[in-house]
Amino acid sequence: QDLYHFPFIDKWYQGEKMWGLHDAAIKSGALWQVLFFIGLLELPFLLKLANGTVDGTGDIGFDPLGLKNDPETFARRQVTEVKNGRLAMIAISGMTHHYFL
């Protein structure tokens, strides 16, 4: 089913099904690295949470291109981003459902 097979994958995984990859990734230590780096990305949000300045949007103030300058366009982009996230969740659930069949 795969288009390409990385040569180093056989060292970590021995033909597990998709739902078995979680346990194999935990044993190899790969998911601990992912958890650590995602935790680092969440650090600014946690600092805002500790200060009590969270506004509920998850906005940490990173806007180097000035995309928030036009409120109407920004509101449209926010809705587009929510729809994109929902579509991604549906796509992932469809992909995992395919493996369970």
Just how far is it from atom CG of Leu43 to atom NZ of Lys48, taken to the nearest 0.5 Å?
13.0 Å

Working to the nearest 0.5 Å, report the span between CG of Asp70 and CZ of Arg76.
8.5 Å

Can you tell me how far the CG atom of Leu87 sits from the OG1 atom of Thr80, to the nearest 0.5 Å?
12.0 Å

Under 3.5 Å: donor-acceptor pair, side chain of Asn69, backbone of Gly66
yes

Which pair of non-hydrogen atoms, one from Leu67 and one from Arg77, has the smallest distance, and what is that distance?
CD2-NH1, 3.3 Å

Let me confirm one number: the CD1-CG distance from Ile38 to Leu31, rounded to the nearest 0.5 Å.
11.0 Å

About how many Å separate CD of Glu81 and CZ of Arg86, when rounded to the nearest 0.5 Å?
11.5 Å

Output for pair (Leu47 CG, Leu49 CG), nearest 0.5 Å, gives 9.5 Å

